[in-house]
Amino acid sequence: MSTVKGEPPTVGKNGVQIKRKVSLGGQGYRTYEIYQRQRVGESTAKLNPGQLTNAEFINDPYPALSLLRDNYPCYRDWRANAFWISRYDDVTSIFVDDANFESRSKCWFYGVENYGRDLGQQLTVLNAQAQAYQSHVPQIMQDIINRAMPSGNINLATEFAAHLPIELLARSLQLPVQDYAFFARTYWQLQQGYQWEPQAQNNGLMAMKTLTEYFRPLLSQRLKNPSNDLISAIASVELEDGPATAEDLVITLLESDHETLHGGLANMWYLLLNHPEQLQLLHATPRLIKQAWFESLRHSPAVLAAKRFSRHEVERFGQLLPEGAMMICSAAAANRDPEIFTDAELFLVGRKDLCQREPRGMYRADGLPAGITLGLGKPTKYPAIPEDRPISLYALTRNAVVEVSSMILEQLTNLRLTNTADPSLRSLRLGDMRTCWDLPAEFDN
Amino acid sequence: MSSNAITATLARLINANNNITEAEASNSPKNDLSTTFPLMAIGDALDMGHADDGTPLIDPRLFDSPEFARNPYPYYRIMRDHYPVYHDKLHNCYYISRYADITDCYFDDQGFNTIPKGSSSGVLGNTQLELSGVEHRRRRNLYGQHLVGKSLANRLPSIERLAEQMISAWDEKTNTDFIEDNNGVRTIELGRAFANEFPISVVCQVLGFPDEARTDFYYWYNSMMSGLGGSAGHQQGLEARQHLEDYIEGLVEERRTTPGFLYDNDGQQLGKDIITKLCESKIDNDYLSTEEITSNIALVVGGGGETTRGAIMNIWYLLLQHEDQLAEVIKDDSLWDAVFHETLRHSTPIGGQPRHNSFDITLHGIDIPAGSLINMVDFSANHDDRVFKDPETFNIFRDDLYYGKLLRSGYAKDGRSSHMAFGVGPHLCPGAWISHQEAAIGSRLLSKQMKNPRLNRQRMRKDIDGKNLAPLGLASAREVWIDYELE
């Protein structure tokens, strides 16, 4: 028997639940008055939904996304029960439209909305995160370089891009060094499990419990003896509905993002090594490293799309979107929108039609469009309020990327792909981030 | 050393996933799912892994696989037993699989409405399918009233006459690709010989279509029905709908001034045909537009063809595999109703209906946000062993199935329950009663014609072992080859 939240069920004969008296409210149009007939020529025959899930799409989504963007800017995907939004201005218009569209947390996708609270926006937590970035990133990167230096070889995907965010997190939490491998495995499982794959979800839920029990004694220890770390910051948070718990800590970790740093670094160096002329530009003008980061986020974002859900029935993009409609907002398609970017398929460091400062799509600091980058948080409409607002995750990530990439340029002389390397960008599973998972390189040591 | 351990751990996790994906990607897109979900013995479910508490897992890609289309019932059992509400995050929907839950939802037409718009209306036009409440009722009644009660009873003789004409015409079609005579034995393919055309002829007659329209009728209903829901045939569906509309426009203009009538076997007027009735109908004191009439006709065309064809084909496919039950039916004509209902319970041509919840609800502990797509799986409800004992067995004598007159309220008394093939509640199929009569009358007449009927197994489609008959799964029988003795 289903129950409407906050309302007892009405039971009819044979146990049948019937005819609740509810006010549907509102004086607006009624759904059945919206004209829905399609005419010949309005079909979406150039693309079938299977092309958005098959192996070809997982390997290279851009041909299918281009078809969507050119022909069906609001594509009704009946198989995935979703609408695909693929043009730049349409995608950004959804991200800023809180009145009509909402995002859902990773906890919601896990089906454990009440497991714990996300404390990631608490000021003390943000400050601890900022401090961790600034104090740990150079040291972690130097260790990575030192380990690679004797051999003259480095796998930039596994030994650098995948490694750095996880060790940064482990150090931010001030975990015992001997627990790093455990943490890497369990945290990875936690982040992998919220999507559609049931085995990964099971493993993720187990990881959630395992991490909770792992953090419980650490949290109470840091509460008594606070240190300069993320756990202590979380332990110090006092909310109206009670002090922070180990469950809150795990959910805060779950809802945070490591994929943009991991995938962004891997994709940027994949693109640079495959475009030696662009890499040469960076050698000549190191301040272009920042532009290379922006351009790689635009050209090949690791997180391809974000999901939003319509809060109520609304007409947009020439379609009637029912309440609860899932909108797949494709950053990958939008970032190569030829209406916005000239030669959008090309990787061009320092391109003149790309925002030079704030690559988040909805906030154009210099009036130019930016590559849409997901997972770095939403910019506030009032960047100066509060005045003690810590540096944004976007800026932290950008600074970290510039810093570690500068170290690579300076210390790994004549960095190039190994002769046998055949790197590519791809997702491990449908819906996962698209990045380079194997990027063997060599340098003169 | 421990920093190195991070890299080693991540590399192992990445490689584990990489190997799986490369193996899948090496196949063509079509073959991906065949590899991931190999065909199993009928009734056996593929092991898709288990949760730590032992619960079997369901990989949602299964629902797109050939294995599921062919062998769905063991997976529905897992859903009923372990996931009465299954959240499929790949297809962004929920499945409800237990009989009792589906019944509740079907009756609650405020809590579960029938949008999203567009799933059928894109092709068919605005019909009552996607409406709820009073708007649903007033449109449903426009033509639904002509398919029940006295209106239906009046039509039965002409339905019987149509069936007799088709069957008697077999003698003139011998040695075609669907009727052959050999040494006193006739072999027919039931679909092409009877079931494909019979329901269409009935619908044409009921609507008042001229005989010459029947050729186009195949095209209309095949194309429109296979073009629903944004499927690959959507473009063809729209073209067929336009073709139908172009045809009907003239017909409607004619009937607005010159009513069409149905006649009984003696040439007496039974009443006006449905197109004429629609031309005379008013909503809000105004006549229906040609567009509206076309949409209603498109729905009758689509709904009246494939479902009844599937029912007749499945009846014979199942009955001929259960010779003892067939023998009893041939002895006692009154059993055809039981055959019809048990066939639709066991292998219904329509598998379920989508609903959207109007409010945030919690069902079996699962929170479902308002506006979610919820698939009511009638296939599964009909095989719910909480209601029907030994549900995978075809048994026209079962004591837990209601065989009486179809009721919109459903039936659940004295240990008997109605099947869910037509749904229940406000959206129960308006063609259920006429479909029942077509299938029962047609099958009874077929049984009179065919002496000692049996399956021609050699010509029937085989299962993966190359020996057993192909299972029905989620589809209706496409071909049924029957041998019988000529008198």
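Fair warning: this is a prediction, and the values are worked out from it, not measured in the lab. Because only heavy atoms are used, hydrogens play no part in the values below, and waters and symmetry mates are left out as well, while side chains stay in.
- The CD atom of Glu323(A) sits 8.0 Å away from the CG atom of Asn357(B) when rounded to the nearest 0.5 Å.
- Listed here is the closest heavy atom pair of Pro198(A) and Asp59(B): CG-CA, 3.6 Å.
- Here Leu373(B) contributes atom CG and Asn81(A) contributes atom CG; the two are 4.5 Å apart, rounded to the nearest 0.5 Å.
- Per-residue counts of heavy-atom pairs under 4.5 Å with chain B were compared for Arg171(A), Glu197(A), Arg104(A); the largest is that of Arg104(A).
- No side-chain heavy atom of Thr53(A) sits less than 4.5 Å from a side-chain heavy atom of Asp64(B).
- Note: Asn202(A) CG to Asp52(B) CG = 4.5 Å, rounded to the nearest 0.5 Å.
- Per-residue heavy-atom pair counts under 4.5 Å with chain A were compared for Cys93(B), Gly49(B), Ala370(B), Ala11(B), and the maximum is reached by Ala370(B).
- When all heavy atoms of Gln199(A) and Met48(B) are compared, the closest pair comes out as OE1-O, 4.2 Å.
- Taking both residues in full, the closest heavy atoms of His91(B) and Arg79(A) are given as CD2-O, 3.1 Å, listed atom of the first, atom of the second, then distance.
- In the displayed structure, Asp422(A) atom CG is contacted under 6.0 Å by at most 12 heavy atoms of other residues, nucleotides or ligands.
- Rounded to the nearest 0.5 Å, atoms NE2 (His234(B)) and CZ (Arg76(A)) are 11.5 Å apart.
- With Lys89(B) contributing its side chain and Phe109(A) its backbone, the two residues share a donor-acceptor pair below 3.5 Å.
- Heavy-atom distances place the backbone of Tyr194(A), and not its side chain, under 4.5 Å from chain B.
- Atom CZ of Phe309(A) and atom CG of Asn92(B) lie 5.5 Å apart (nearest 0.5 Å).
- For Ala45(A), the part lying near chain B is the side chain, with the backbone staying farther off; criterion is any non-hydrogen pair under 4.5 Å.
- No side-chain heavy atom of Arg12(B) sits less than 4.5 Å from a side-chain heavy atom of Arg185(A).
- With chain A as the partner, the residue from Ile96(B), Asp88(B), Leu90(B) showing the most heavy-atom pairs under 4.5 Å is Leu90(B).
- Surrounding CG of Asn114(A) are at most 12 heavy atoms belonging to other residues, nucleotides or ligands under 6.0 Å away.
- With a 4.5 Å cut-off on non-hydrogen atoms, Ile58(B) touches chain A through its backbone but not through its side chain.
- Most heavy-atom pairs under 4.5 Å with chain B: of the set Gln319(A), Glu167(A), Lys307(A), Gln189(A), this distinction falls to Glu167(A).
- Heavy-atom distances place the side chain of Leu430(A), and not its backbone, under 4.5 Å from chain B.
- Note: Trp108(A) and His87(B) meet the aromatic proximity criterion, with ring centroids under 6.0 Å apart.
- Considering OG1 of Thr7(B) and CZ of Arg147(A), their distance stands at 5.5 Å, rounded to 0.5 Å.
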